[in-house]
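Just so we're on the same page: letters track the sequence lines, and every chain starts at 1. Given the structure is predicted, the values throughout are model-derived calculations rather than measurements.
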Amino acid sequence: MTPLLQVENLSKHYGAHLGCGDVSFALWPGEVMGIVGESGSGKSTLLNCLAGHLRPDAGRVLFDTREDGPRDILGMTEAERRWLARTDWAFVHQNPRDGLRMNVSAGGNVGERLMAVGARHYGDIRAQASDWLERVEIDVGRLDDRPRAFSGGMQQRLQIARNLVTGPRLVFMDEPTGGLDVSVQARLLDLLRGLVRRLGLSAVIVTHDLAVVRLLADRLMVMKDGRVVEQGLTDQVLDDPQHAYTQLLVSSVLQV
Amino acid sequence: MTAYNFAYLDEATKRMLRRAILKAVAIPGYQVPFSSREMPMPYGWGTGGVQVTAACLVPEDTLKVIDQGADDTTNAVSIRKFFQRVADVAVTERTAQASIIQTRHRIPETPLIAGQILVFQVPIPEPLRFLEPREVETRVMHALEDYGLMQVRLYEDIARHGEIARAYAYPVRVEGRYIMDPSPIPKFDNPKLNNSPALQLFGAGRECRIYALPPFTRVESLDFDDYPFSATKAAGQSCALCGSTVSYLDEVITDDAGGRMFVCSDTDYCAARVAAGSTEDAA
Ligand SMILES: Nc1ncnc2c1ncn2[C@@H]1O[C@H](COP(=O)(O)OP(=O)(O)OP(=O)(O)O)[C@@H](O)[C@H]1O
Ligand SMILES: [Mg+2]
Ligand SMILES: [Zn+2]
């Protein structure tokens with residue numbers, strides 16, 4: 001089997017300052033990789049390099065394309081990367097405002113990716129948008145409402161629907177539950193877990209909430225100061241952390 | 001007359017414009033930047049169209065100028081007079097006799113023929129402007145055919161109004177490639193853009209863009225399979241002067257008491273029908 005995503009020696013600096021350094025890992029189809037670490041440890045930098053939003057200084061990011069098998073996304077044209085971004089990839093932002101069109105209806109938000117790849121039947125687009133609202137537990141009666149009028153949790157669920165509607169093969173999420181109330185977080189997490197299981201999603205999820213990775217991630221990478229200090233199966237890493245920093249991370253959570 | 005170069009612009013400027021026009025013809029629907037010149041009329045009075053016309057005119061040309069379909073409106077009259085003065089070309093109100101027609105907001109009812117040039121005055125050339133205000137980004141969207149957002153706009157129309165509520169400047173796709181703003185012509189005129197034997201040129205003066213539809217270009221109005229484009233106008237009305245039921249009509253107020261009637265917006269088409277004694281439906 002070929003990894004869906006193969007990352008080799010990826011590095012990104014901001015001037016002289018290290019964003020993330022020498023990161024390597026493979027993501028297999030159907031697998032969820034969690035990336036944890038404190039604020040400033042390089043999680044978002046890494047994710048944005050993987051998703052083609054940032055250009056790394058060094059390394060390769062091989063994505064197993066449908067047509068041509070593994071290809072380095074850095075060697076792709078902007079047109080190819082944008083095509084992937086609206087078909088096989090999805091990106092869920094921490095702030096739903098960054099991932100939604102606030103002045104477009106919920107239905108239009110969900111339908112945009114379908115239309116971007118050529119869907120031209122209004123009724124079908126609407127039916128699929130309704131179906132996805134249901135799947136993310138938003139009342140279908142809100143289909144024509146703009147997300148402005150939605151709560152934070154609903155906005156985040158709408159962003160997820162908008163991303164998953166085209167059946168992407170790889171989902172990037174940056175702190176999908178960040179900035180939400182605890183009870184809202186729990187519901188979203190539950191929903192995400194259901195979707196991941198049912199759809200067999202492959203995903204890379206950045207978080208500093210260990211509860212999120214405990215529930216969602218098969219494997220875990222721990223980052224500190226831009227470097228991966230430990231990686232392995234989630235349960236292994238959390239229950240038997242090897243690196244001193246991971247031990248600290250795990251114990252600090254237990255204290256909460 | 002001797003105070004000006006032929007057609008007002010100097011030869012270097014006309015050459016620059018012609019290069020832009022040639023490029024526009026070579027890439028149908030693509031907006032070509034050009035350096036717009038000061039013209040002796042304010043922006044919004046068709047300076048883009050005037051520059052394109054000036055670059056195309058030759059002494060043998062016969063020019064027609066219309067505004068909202070009419071030859072006798074202030075704007076049309078002043079542009080026509082301008083070219084009579086600076087190019088001394090023949091002018092006409094008859095669509096069939098014109099070799100170049102400059103227009104604002106309409107396409108003549110009389111079908112255009114090979115050899116004719118139709119020049120549109122364009123206020124806002126970028127069809128994606130209201131969705132994405134950043135010029136850098138809209139150019140990338142055109143380059144990458146990233147047009148999902150345009151369709152979202154039409155989706156929103158149907159969701160809100162039950163139909164695509166766009167009566168003017170209805171966006172089109174050119175040869176299956178570029179999305180183009182046909183200028184604020186009524187959508188009733190959109191089918192005339194398609195497969196026309198005439199050369200259609202679009203000039204936006206303030207925005208410094210020229211684009212083109214060479215003869216026999218495929219031009220499709222954007223729509224949905226289940227909400228197909230329809231070039232409708234107000235139904236059930238006919239022209240009070242010539243009786244046409246197939247032409248585009250303007251509603252005009254006829255007296256102080258608020259009396260009103262519908263008449264053809266294309267004055268040449270209407271006058272010809274009246275002269276021929278026709279008060280029945282056009283064939
Ligand atoms: N645009 C930028 N310019 C300069 N330095 C940056 C930039 N973005 C991030 N950094 C720095 O790079 C390092 C990694 O930042 P990054 O945002 O990837 O961390 P993070 O793990 O996502 O943090 P958080 O949990 O707060 O989101 C930090 O030291 C940060 O200050
Ligand atoms: Mg971050
Ligand atoms: Zn008439």
Handout entry: Partner set under side chain to side chain donor-acceptor pair (under 3.5 Å) for A:Asp64, not counting sequence neighbours
Key =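 Result, side chain to side chain donor-acceptor pair (under 3.5 Å) vs A:Asp64: none returned.
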
Handout entry: Over 12 non-hydrogen atoms of neighbours within 6.0 angstrom of CZ in B:Phe130
Key =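 No, because the 6.0 Å sphere around CZ of B:Phe130 holds 12 heavy atoms or fewer from other groups.
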
Handout entry: Among A:Gly111, A:Gly107, A:Gly123, residue most engaged with chain B (heavy-atom pairs, under 4.5 Å)
Key =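 Looking at each of A:Gly111, A:Gly107, A:Gly123 in turn, A:Gly107 comes out on top.
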
Problem - A:Arg187: partners by salt bridge (charged side-chain N to carboxylate O under 4.0 Å, His left out), with sequence neighbours left out - result: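 Result, salt bridge (charged side-chain N to carboxylate O under 4.0 Å, His left out) vs A:Arg187: A:Glu137.
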
Considering distance alone, list the donor-acceptor pairs between chain A and chain B shorter than 3.5 Å.
from: A:Arg82; atom 1: NH1; to: B:Glu137; atom 2: OE2; distance (Å): 3.2
from: A:Arg82; atom 1: NH1; to: B:Asp146; atom 2: OD2; distance (Å): 3.3
from: A:Arg82; atom 1: NH2; to: B:Glu137; atom 2: OE2; distance (Å): 3.4
from: A:Arg86; atom 1: NH1; to: B:Asp146; atom 2: OD1; distance (Å): 3.0
from: A:Arg86; atom 1: NH1; to: B:Asp146; atom 2: OD2; distance (Å): 3.4
from: A:Ser105; atom 1: N; to: B:Glu156; atom 2: OE1; distance (Å): 2.9
from: A:Ser105; atom 1: N; to: B:Glu156; atom 2: OE2; distance (Å): 3.4
from: A:Ser105; atom 1: OG; to: B:Glu156; atom 2: OE2; distance (Å): 2.6
from: A:Arg120; atom 1: O; to: B:Asp225; atom 2: N; distance (Å): 2.6
from: A:Arg120; atom 1: NE; to: B:Gln151; atom 2: OE1; distance (Å): 3.4
from: A:His121; atom 1: ND1; to: B:Asp226; atom 2: OD2; distance (Å): 3.2
from: A:Tyr122; atom 1: N; to: B:Asp226; atom 2: OD1; distance (Å): 2.7
from: A:Tyr122; atom 1: N; to: B:Asp226; atom 2: OD2; distance (Å): 3.4
from: A:Tyr122; atom 1: OH; to: B:Ala159; atom 2: N; distance (Å): 3.3
from: A:Gly123; atom 1: N; to: B:Asp226; atom 2: OD2; distance (Å): 2.7
from: A:Arg126; atom 1: NH1; to: B:Tyr155; atom 2: OH; distance (Å): 3.1

Practice task
List in chain and number order the residues that pass salt bridge (charged side-chain N to carboxylate O under 4.0 Å, His left out) with A:Asp190, two or more places apart in sequence or in another chain; answer none if no residue qualifies.
Solution key: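 Only A:Arg193 meet the salt bridge (charged side-chain N to carboxylate O under 4.0 Å, His left out) criterion with A:Asp190.
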
